Amino acid sequence: MASSTDSNVKGENSQVSYKKYINTKTDRVLQSKKHANDIFDVIEYLQSEKDKEVIFATNACSKVFCQLFYRGDLYVGDLPEEEDLVNGDRSAEEKYRIFMRHRYSNCVELLLENIGHKAFQVKETSLCALMKFVAAEGKHPLQNLDEHYNFPRELLQTLVEHLLSEKEDMSLLISRFQEFLEMDDVRYYVMSSVRDNIYRVMGRNKKAVIPVYQNNVFTLLSTINVPSEASKMRHFLVRQDYKLEQWKVAKLKEHKRAFEQMWLVFLKFKLPSNMYKKILVILHESIMPQMSDPTLLIDFLSAAYDIGGAISLLSLNGLFILIHKHNLDYPDFYKKLYSLLDPSIFHVKYRARFFHLVNIFLSSTHLPAYLVAAFVKRFARLSLTAPPTSLLILLPFICNLIRRHPSCRVLIHRPSTAEEPCDDPYVMEEEDPAQCHALESSLWEIKTLQKHYHPDVAKAAMKINEPLTEQEDDISELLELSTFELMERELKAERKTIPLEFDTATELLKSSREVLGVHFSLE
Amino acid sequence: MMRKQQTFSRGLSDKVRKSKAAPEIQKNPFEVKINRKKFDVLGRKSKHDVGLPGVSRSRAIQKRKDTLLKEFRLKDKNNTFIDRRFGEYDSKLTPEEKILQRFTLERQRTQDRKDMYNLNEEEELTHYGQSLAEMEKMTDVIDSDSDSEEKGLLSAELTATHFGGGGGLLRKKSAGDDEEEEHKPRSRQELIEELIIKSKQEKRERQTQKEEAQELTEKLDQEWKSIQNLLAHKTPKAERTDETDKPKLDQYDMMVRELGFEMKAQPSEKLKSAEELAREERQRLQTLEADRLKRMMGDAEEDAVQTNTHISADDMNDGFILDGDDRKTLAYKDGKWNIEGEEEEKEDEDGDEEGGEEEEEEDDEDDAEGEEDDEEGEDDDEDDADEDHCDLQSDEGSEDEDGQGAEEEQVCAEEPPAVSEEQKKAAQEAAKAELPYTFPAPESYSDLKQLLQGHGSEQQRLILDRTLKCNHPSLSAGNKAKLQKLFGFLLEYVGDLATQNPPDLRTVSALIPQICGLCQMFPEAACKAVQTLLSDSGHSMEETLEVKGRAPMPDLDMLVLLKITALLFPSSDFRHPVTTPAFLFLSQALTRCAVVSLEDVCKGLVLCCLALEYVSLSQRIFPELLNFLLGLLHLTVSDKHNMGYTVVSPFRRQGKSCDLLVLKDPNVSHSWNRKPISLQTAHRLPAQSPVERDHYRLSLIDSCLDLVKRCTWLYKDLPSYAHIFQPIRALLLKHLPVEGYPAPIQDLHREILDAIPEKPSQHAPLVFKKKKPIPLKLFTPKIVQILDYGKKRGNTKEEKERERLKHKYKREFKGALREIRKDTRFLAREKLSDVMSRCVKRKVKELYGSLATQEGEWKALKRKNRK
């Protein structure tokens with residue numbers, strides 16, 4: 001075909017000029033087949049260095065090609081090589097269509113490249129244009145397929161591939177992409193293409209951790225939600241008229257399966273540690289209920305549970321659901337839980353969730369007394385290092401445990417051997433709750449906490465001095481308590497009198513019990 | 001009809017009301033019902049102790065018969081309504097006319113009645129030519145005795161004229177006496193005129209007499225006054241002159257009363273000797289200390305609520321308590337509460353030594369006094385001897401360590417003001433030339449800043465002092481508010497001083513007495529000001545924590561504020577509106593603030609010092625403090641593997657800034673010597689050479705270890721002492737690179753390790769507190785003071801009023817119901833009786849009929865038989 005008209009025209013490209021130029025070109029392309037070559041100029045703009053020009057050109061391209069799709073001016077079927085076109089004996093009409101089809105694929109390639117562009121706006125418009133093409137291709141398929149269900153899978157797959165970049169954080173674009181995921185067919189095909197993509201990428205990287213890529217995958221995966229009922233699946237990008245019931249995409253079961261496979265593939269590979277936390281936080285709420293068989297997660301969960309620290313705490317939630325709802329048998333669950341308890345549990349971010357779960361785990365009255373006693377004693381020992389917010393949870397919790405298990409009452413009341421001092425028989429280092437002799441011990445730690453500086457903590461600790469009341473304390477309100485809330489509570493309380501220090505100070509570092517002045521000087 | 005009925009019923013009820021039960025019924029013992037009382041209550045009147053149920057019932061029945069029954073009988077028997085108003089049925093009159101006529105009629109009716117005995121209204125009534133209205137004002141003073149005199153006097157003429165008795169006699173007499181020359185019977189008219197003139201004359205005479213007598217009494221009064229002045233020496237001269245000027249009748253009464261109520265001379269309070277003053281001061285401090293301890297135990301709040309303690313009936317109300325708490329009065333030694341008997345001996349010795357020193361001090365003071373006034377010196381010495389004796393006695397008494405403790409404190413408390421006053425004097429002299437003596441109270445923070453800026457720290461203190469004095473609340477009403485605001489400004493100013501570069505902590509320290517003084521004056525305002533600062537700071541820290549997950553260490557101004565808080569408010573209280581939030585702030589800072597530089601370490605150490613100071617008296621456990629100290633010591637360890645302890649937030653086991661306190665050059669320890677760290681380095685560490693930095697590190701480590709040592713002292717009595725310090729012990733024993741440290745630190749290290757036992761101490765297993773046996777019932781009655789008997793207590797006025805109305809309504813409602821029920825019952829009974837009577841009449845008729853026929857038949861039979 002003839003070469004493009006000279007590009008000097010756009011030389012002095014003021015804002016108006018390039019808009020006008022592109023507009024006229026697109027109009028000409030659409031008006032008559034004679035000016036088909038003008039499409040080159042428009043496509044050229046897609047590679048421009050100016051963001052605004054690219055955006056404008058993208059919009060123009062999507063307009064042109066959508067129109068062409070509508071007219072049926074794109075060649076349908078396997079595309080012959082462009083070089084062959086000159087020799088081949090085809091009609092002018094056919095030639096034109098093949099030519100346009102080639103331009104279309106050029107354009108798609110450029111748009112896909114633009115998804116990796118620097119400017120977000122460019123990315124966004126490219127993404128939107130591509131999704132428009134997806135919709136248009138769905139309506140006017142470019143391949144002659146035998147089946148009646150046509151969806152441009154290849155295009156979507158390449159799009160997903162570009163979305164899940166290995167070098168760049170695409171979370172913003174992915175959140176934009178989320179709106180397309182509302183469509184059931186798009187979601188289904190995205191899920192399957194993500195699965196293939198993970199396989200391919202991770203296999204290529206020999207199963208090493210790729211934080212950026214995995215982060216992108218996670219962002220995409222966490223935005224996918226399978227509808228809860230099959231009746232809600234009525235929203236498609238490409239309408240299918242023929243035998244809707246038999247179409248895979250319209251079946252909830254298929255969706256769930258795709259969802260499950262996608263996650264399992266993702267979790268199969270090694271993950272960075274912060275990714276574990278992210279996944280575990282949303283696991284029980286947004287992943288497990290949407291899977292057809294959640295027990296398949298057991299490998300992932302037990303691996304996470306063995307990692308230790310906060311990750312172990314978080315994996316408790318998922319494990320609990322599996323044990324509770326799916327009859328999973330997890331040997332030594334309590335033993336492992338026991339060994340999880342160390343001073344850091346009071347300082348992690350997920351403290352509230354942890355205590356909530358431990359409260360549930362230990363709520364059964366069928367647990368053996370030695371086990372509960374071991375937990376109680378260990379909690380008591382750890383409470384010596386806990387901040388007041390944790391202590392306000394911990395002390396009622398311990399009291400609740402003793403209430404639930406009356407045989408543990410010996411921990412706070414052992415009248416037979418009273419008055420004879422003895423060593424603490426409890427072995428803190430022992431990892432097996434059966435071996436730690438907790439039942440033979442007493443909660444001297446709580447006794448110590450009766451001297452705690454915070455009045456509420458001291459009062460809570462005082463409760464063990466007398467027989468506990470029947471009623472359990474409700475700790476659910478205390479779980480999210482922060483130090484500042486405690487402080488505000490103190491500040492807002494009404495007091496009648498305000499006692500003052502009676503020996504008046506004369507200097508900053510001089511008082512009856514000076515410690516600061518011993519170590520520090522004003523100069 | 002309505003009208004008629006109304007009048008009718010009114011008449012009836014009036015009649016009923018008037019009819020009284022015959023008195024003989026009331027005396028009849030069978031009629032009287034006495035409501036038995038369970039017990040008598042003095043001073044309570046009860047209306048219903050005796051009742052006459054029969055009488056009242058019959059009265060009620062009678063009343064019903066008279067009213068209700070009548071009404072019932074008249075029911076459905078029509079009456080006509082007769083409107084007897086004027087012209088009601090006259091159709092010729094228009095309504096206006098009707099109304100007018102009625103009105104005039106009504107006016108006439110009232111007018112007629114009124115005017116019957118009414119004299120001319122317009123005429124003014126006079127007496128002796130004076131208006132009666134005028135006289136009623138009683139402007140003229142008339143002696144009370146003169147009135148009485150007059151009352152008794154009834155002249156013959158007066159009686160004659162007034163009562164008209166003996167008219168003929170009078171005429172005869174007068175004819176004989178006065179008008180002999182004429183011998184002419186005068187007309188009645190003349191006679192009367194003469195009489196009038198005569199009586200007038202007589203009256204005038206009497207009046208003059210009265211006036212004379214009055215004058216005389218007045219004169220007498222004046223004379224009495226002059227004498228009285230001599231008698232009552234107290235009346236000031238000015239008053240006396242006033243009295244002579246305008247004599248008043250009640251002046252005398254006033255005087256009498258004054259004399260009667262005059263205060264007897266009362267002995268004034270004896271001037272207290274120094275000894276007594278000291279004793280009082282000591283007592284005051286003791287009570288304050290006891291109070292503080294109570295608050296520390298956390299039972300002061302309950303006490304405040306239930307102030308009315310049980311007083312025995314045998315209480316003489318002289319403050320004597322048989323087994324009071326005076327046995328174990330409270331005292332501290334080194335911040336420890338000593339009540340155990342074991343340590344007594346040891347401390348006795350200490351106490352003696354201290355006592356000796358004290359005596360010397362006192363002697364010194366006495367010497368100084370002696371020089372000033374020689375005459376009293378001997379007396380003083382005697383006093384001293386007495387005092388010493390007293391002290392000895394109390395020392396010998398096994399329980400009295402406390403007196404000394406308190407005295408020590410007193411000495412401590414007294415010494416600094418003397419010093420500061422000297423300083424002040426010096427400063428005053430220096431600044432005399434420049435500083436004005438009065439200052440307006442600053443209205444805003446910028447005012448205060450202007451006032452104080454540019455002066456030296458001592459001058460600033462002086463300015464503040466003068467400002468406080470000039471604006472003392474007793475001087476003007478608005479001063480209180482001004483000074484309350486000033487406290488907030490001062491805290492802000494102090495904060496500014498602490499954050500400026502370099503921080504001016506000298507001035508802060510100089511301003512402390514003024515801040516303390518203000519706080520003592522306005523505890524509420526001070527409390528509020530400190531609370532707001534704490535809350536603001538806590539809030540901003542919380543916000544940064546939420547956004548970033550970690551917060552920077554609080555700045556120097558917060559540290560200074562926390563320190564000032566400890567100076568102003570007792571940190572030992574179980575719960576305190578200021579110190580408890582301050583505790584929480586410390587806790588927050590010690591757990592959540594990142595330690596990334598040596599400055600942070602220094603700030604953290606300051607926080608630790610403060611935390612320790614806060615709990616040093618109450619010996620409360622502060623887990624965050626120990627965690628933080630462990631974390632600080634962890635920073636000194638270079639090899640972070642194989643630890644036997646866990647560090648918690650804000651420290652990490654490994655990572656960046658985890659070796660802040662590791663010495664770079666092991667040889668610096670030789671050149672290090674112990675000296676206090678400057679607080680200013682917490683703000684910004686000046687650029688130093690590596691050696692100096694290492695010295696700084698060593699100082700920090702030294703302080704840190706010292707704090708650990710203090711903690712071990714503080715907590716050594718806790719049941720879990722060993723467990724609390726187990727991580728620190730593990731660190732000190734195995735990981736601390738103590739070999740590289742100078743000798744003093746090594747000593748400290750050894751001391752701490754000695755203080756922490758390897759094996760936890762033994763403890764008795766826990767048991768519940770034994771329940772106190774329920775005490776036997778006491779014979780002495782528990783007296784509860786009730787001021788308003790029979791009233792419901794504990795409500796506001798409106799609530800009470802509402803309650804009362806509700807109650808009244810309920811009672812009335814019930815009464816009305818009862819009455820209605822009784823009415824219906826009565827009516828039913830009446831109806832029944834009507835029916836019954838009707839039935840009986842018929843039956844009797846029938847019977848009579850049948851009997852008559854029977855009789856007739858029988859008679860007829862008889863007649864037949866006879867025949």
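Quick caveat: nothing in here was measured; it's all calculated off a predicted structure. In what follows, every chain begins at residue 1, and chains take the letters A, B, ... in the order their sequences are listed.
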Q | Worked check of salt bridge (charged side-chain N to carboxylate O under 4.0 Å, His left out) between A:E507 and B:R506 | A | CA-CA 9 Å; A:E507 282 178 49; B:R506 279 259 162 247; 5.6 Å; no
Q: Name the region of A:R381, side chain, backbone, both or neither, that has any atom closer than 4.5 Å to a heavy atom of chain B.
A: side chain
**Q.** Atom of A:F520, atom of B:L605 and distance for their closest heavy-atom approach
**A.** CZ-CB, 4.1 Å
**Q.** chain B contacts, top residue of A:R409, A:R489, A:E429 (heavy-atom pairs, under 4.5 Å)
**A.** A:R409
**Q.** Interface moiety of B:T591 toward chain A, non-hydrogen atoms closer than 4.5 Å
**A.** side chain
Q.
Using a 4.5 angstrom heavy-atom cutoff, name the option from B:V578, B:V606, B:L612, B:V615 with the most pairs to chain A.
A. B:V606
Q. Within the distance-only criterion (no hydrogens, no angle test), does the side chain of A:W444 pair as donor or acceptor with the backbone N or O of B:P765 below 3.5 angstrom?
A. no
Q) Salt-bridged, B:K770 to A:E466, with N to O below 4.0 Å? A) no
Q. Using the ring of each side chain (for Trp, its six-membered ring), is B:F768 parallel, tilted or perpendicular to A:H413, with breaks at 30° and 60°?
A. parallel
**Q.** Least distance between heavy atoms, B:H576 atom then A:P499 atom
**A.** NE2-O, 2.9 Å
Q) Counting heavy-atom pairs under 4.5 Å to chain B, which of A:S383, A:S442, A:S511 comes out on top? A) A:S442
Q. Do you know which of A:S344, A:S482, A:C422, A:P343 has the most heavy-atom pairs with chain B at a distance under 4.5 angstrom?
A. A:C422
Q.
Quick check for you: to the nearest 0.5 Å, what is the distance between A:H347 atom NE2 and B:N627 atom CG?
A. 5.5 Å
(Q) Among A:L384, A:L509, A:L491, which residue has the highest count of heavy-atom pairs closer than 4.5 Å to chain B? (A) A:L491
Q | Check: A:E501 side chain, B:C516 main-chain N or O, donor-acceptor pair, under 3.5 Å | A | no
Q.
To the nearest 0.5 Å, what is the distance between CZ on B:R292 and CZ on A:F502?
A. 4.5 Å
**Q.** Heavy-atom proximity to chain A below 4.5 Å, by part of B:P523
**A.** both
Q | Polar side chain donor-acceptor pair, B:H763 to A:D424, under 3.5 angstrom | A | no
Q) Between the main-chain N or O of B:S618 and the side-chain N or O of A:K451, is there a donor-acceptor pair closer than 3.5 Å? A) yes
**Q.** Parallel, tilted or perpendicular: rings of A:Y453 and B:F622 (30°, 60°)
**A.** parallel
Q.
Is A:T389 close to chain B through its backbone or its side chain, or both, or neither, when contacts mean heavy atoms under 4.5 Å?
A. neither
Q: Grab the two heavy atoms, one from B:L584 and one from A:T483, that are nearest each other, plus how far apart they are.
A: O-CG2, 3.6 Å
Q | Residue pair A:H454, B:F583: steps toward the ring pair (Phe, Tyr, Trp, His ring centres under 6.0 Å) verdict | A | CA-CA 8 Å; A:H454 194 271; B:F583 263 120; 8.8 Å; no
Q: Evaluate the criterion side chain to side chain contact (heavy atoms under 4.5 Å, CB included) for residue pair A:L516 and B:K563; output intermediate values, then yes/no.
A: CA-CA 9 Å; A:L516 187 63; B:K563 175 67 195 169; 3.8 Å; yes
Q. Have A:H452 and B:R620 got a donor and an acceptor in their side chains that come within less than 3.5 Å?
A. no
Q) B:T646 versus chain A, heavy atoms under 4.5 Å apart: side chain, backbone, both or neither? A) side chain
Q | chain B contacts, top residue of A:G517, A:P387, A:S441, A:A458 (heavy-atom pairs, under 4.5 Å) | A | A:P387
Q. Taking all non-hydrogen atoms of both residues, which atom of B:Q680 and which atom of A:L522 are closest, and how far apart?
A. NE2-O, 3.7 Å
**Q.** Sidechain-backbone polar pair: A:T506 side chain, B:P513 backbone, donor-acceptor under 3.5 Å
**A.** no
Q: Against chain B, label A:N465 side chain, backbone, both or neither, depending on which of its atoms sit under 4.5 Å from a heavy atom there.
A: both
Q) Would A:I464 and B:K769 satisfy side chain to side chain contact (heavy atoms under 4.5 Å, CB included), going step by step from the backbone distance to the final call? A) CA-CA 9 Å; A:I464 63 150; B:K769 256 188 199 165; over 6 Å; no
(Q) Please report the interatomic distance NZ(B:K675) to OG(A:S521), rounded to the nearest 0.5 Å. (A) 9.0 Å
Q: Can you measure from NZ (B:K759) to CG (A:D423) and round to the nearest 0.5 angstrom?
A: 4.0 Å
Q | side chain to side chain contact (heavy atoms under 4.5 Å, CB included) between A:T448 and B:I621, intermediate numbers included | A | CA-CA 8 Å; A:T448 309; B:I621 179 169; 3.9 Å; yes
Q | Toward chain B, the part of A:L411 with a non-hydrogen atom under 4.5 Å | A | backbone
Q. Given the rule in the side chain to side chain contact (heavy atoms under 4.5 Å, CB included) test, do B:H539 and A:F484 qualify, once you have shown the distances and angles that lead to the verdict?
A. CA-CA 7 Å; B:H539 185 69; A:F484 182 65; 3.4 Å; yes
Q.
Need one label for A:E488: side chain, backbone, both or neither, based on atoms under 4.5 Å from any heavy atom in chain B.
A. neither
Q: Tell me, for A:E494 versus chain B, whether the close heavy atoms (under 4.5 Å) come from the side chain, the backbone, both or neither.
A: neither
**Q.** Nearest heavy-atom neighbours spanning B:E624 and A:A386
**A.** OE1-O, 4.5 Å
**Q.** Heavy-atom pair with the smallest gap, counting every atom of B:C609 and A:V515
**A.** O-CB, 3.9 Å
Q) Looking at CG of B:L567 and CG of A:L508, how far apart are the two atoms once the value is rounded to the nearest 0.5 Å? A) 6.5 Å
Q) Can you say whether B:A566 sits under 4.5 Å from chain A via the side chain, the backbone, both, or neither, judging by heavy atoms? A) backbone
Q.
Under a 4.5 Å cutoff for heavy-atom pairs, which residue among A:K349, A:M428, A:M487 has the most contacts with chain B?
A. A:M487
Q | Neighbour count above 12 (heavy atom, 6.0 Å) for B:R652 CZ | A | no
Q | Residue A:E480 excluded, over 12 heavy atoms near CD under 6.0 Å | A | no
Q. What distance separates A:T497 OG1 from B:R295 CZ, expressed to the nearest 0.5 Å?
A. 8.0 Å
**Q.** Per-residue contact mode, B:L545 against chain A (heavy atom under 4.5 angstrom)
**A.** neither
